[in-house]
Amino acid sequence: MQKATFSHCVNTLLDGGVVALPTETVYGLACLALDSNAVDKVYQLKKRPPTNPLIVHVLDLEQATEISYPNSVCKLLCRKFWPGPLTLIIPKKKIVPENVTAGLETVAIRSPSHSLFRKVLESTGMPIAAPSANPYSTVSPTSAKEVMNSLGNSCPPVLDGGKCDIGLESTVLDLTCETPKILRPGPISKDEL
Ligand code: AMP
Ligand code: MG
């Protein structure tokens, strides 16, 4: 599939399909996070093991609260670092399908700052699951062209948002342990946190 318009991408998502979207970190393979059939398609397209959970993208803390239970530390971090490249692991609500979190009782949430991704979140009004838009265990794409090259014939519609500003996956911070733990180093450093 080739590049697609904004409205085509939004309609594809609302129809339970998959599209590639730009974020400030890398391009994501996106679907509605609360649609477990759509989530299955993302795992299949990426050939991602079902044991590797997805990050759910939200507009803001208010939308995060619809799918998870943010504690006071989480709220503080969201106010300081969102929208931006910080993913937080917190307890999930029942509404989140099992396949999104690979059966875990926690969910990874992040609010991206990329204006196009935010416009998609506003238009769908729903949280969006999106791992990087490349086959499992290959390099994450930072342009529409890299997405199309890496996914080849199985590439879904791509929303071209130019080159990603950061080009590095988000920092992942686990807030479910007594002391918050960095699970994946990224653009936001331990010192900043
Ligand atoms: P990716 O989607 O490829 O950028 O990777 C998402 C990262 O978040 C992976 O390292 C996952 O293991 C991690 N992750 C997602 N959900 C959870 C969770 N509930 N608990 C711990 N790590 C998670
Ligand atoms: Mg990845």
Side-chain angles (χ1 to χ4, degrees), residues 18-34 36 38-58 64-71 73-74 77-78 81-114 117 121 127-143 146-147 149-151 154-156 158 164-188 190 193:
V18 177
V19 298
L21 300 178
T23 82
E24 71 276 23
T25 57
V26 301
Y27 273 70
L29 205 52
C31 74
L32 295 186
L34 304 185
S36 63
V39 170
D40 272 340
K41 292 178 196 167
V42 167
Y43 279 98
Q44 281 160 18
L45 258 173
K46 264 188 80 79
K47 301 188 173 71
R48 183 172 173 113
T51 48
N52 197 342
L54 309 183
I55 295 175
V56 178
H57 297 71
V58 292
T65 308
E66 292 168 14
I67 59 163
S68 60
Y69 297 99
N71 63 12
V73 175
C74 179
L77 290 167
C78 293
F81 294 104
W82 279 10
L86 178 64
T87 298
L88 300 164
I89 311 290
I90 59 174
K92 82 173 189 84
K93 286 192 172 171
K94 278 206 178 73
I95 193 172
V96 181
E98 264 193 27
N99 55 355
V100 172
T101 63
L104 297 172
E105 288 305 313
T106 56
V107 63
I109 50 166
R110 150 166 136 80
S111 184
S113 65
H114 197 289
F117 201 114
L121 282 166
I128 291 176
S132 52
N134 54 288
Y136 182 66
S137 80
T138 65
V139 178
S140 298
T142 58
S143 68
E146 282 176 25
V147 174
N149 285 344
S150 77
L151 290 169
S154 47
C155 188
V158 184
C164 300
D165 279 346
I166 298 177
L168 176 70
E169 281 102 338
S170 61
T171 304
V172 178
L173 184 69
D174 188 354
L175 294 179
T176 64
C177 8
E178 218 165 297
T179 313
K181 190 175 159 200
I182 293 179
L183 298 183
R184 179 172 76 185
I188 295 178
K190 192 178 172 193
L193 291 168

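Ligands are counted one by one from 1 in listed order, and the atoms in each one are counted from 1 as well. Keep in mind that this is a model prediction, so the values were computed, not measured. When a residue number appears, it is its place in the shown sequence, counting from 1.
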Side chain Ser111, main chain Val58, donor-acceptor under 3.5 Å: yes
CG-CG distance between Leu54 and Asn99, expressed to the nearest 0.5 angstrom: 7.5 Å
Donor on one side chain, acceptor on other, Thr25 and Ser170, under 3.5 Å: no
Per-atom contacts of ligand 1 with Leu183, taking only distances under 4.0 Å to non-hydrogen atoms: 21 (C), 22 (N)
Enumerated ligand 1 atoms positioned under 4.0 Å from heavy atoms of Ala108: 15 (C), 16 (N), 17 (C)
Atom indices of ligand 1, in the order listed, that fall short of 4.0 Å to a heavy atom of Pro131: 2 (O)
Protein heavy-atom partner closest to atom 23 (C) of ligand 1 - residue, atom, separation in Å: Ile89 CD1, 3.5 Å
Heavy-atom protein contact below 4.0 Å for atom 13 (C) of ligand 1: no
Per-atom contacts of ligand 1 with Leu104, taking only distances under 4.0 Å to non-hydrogen atoms: 18 (C), 19 (N), 20 (N)
Non-hydrogen atom of Arg48 closer than 4.0 Å to ligand 1: yes
N, O or S of Ser132 under 2.8 Å from the Mg ion (ligand 2): yes
CA sep, side-chain torsions, deciding dist, call: Ser140, Glu169, side-chain contact (heavy atoms from CB on, under 4.5 Å): CA-CA 8 Å; Ser140 298; Glu169 281 102 338; 2.4 Å; yes
Side-chain H-bond candidate by donor/acceptor type, Thr87 with Arg184, under 3.5 Å: no
Heavy-atom donor-acceptor pair, Arg48 side chain to Pro135 backbone, under 3.5 Å: no
Region of Asn52 that comes within reach of ligand 1 [heavy atoms, distance under 4.0 Å]: side chain
Arg184 neighbourhood, listing ligand 1 atoms whose heavy-atom distance to it stays under 4.0 Å: 1 (P), 4 (O), 5 (O), 6 (C), 7 (C)
Other residues, nucleotides, ligands: >12 heavy atoms within 6.0 Å of Ile95 CD1: no
Lys46 (side chain) donor-acceptor with Ser132 (main chain) under 3.5 angstrom: yes
Contact check, Thr106 vs ligand 1, heavy-atom distance below 4.0 Å: yes
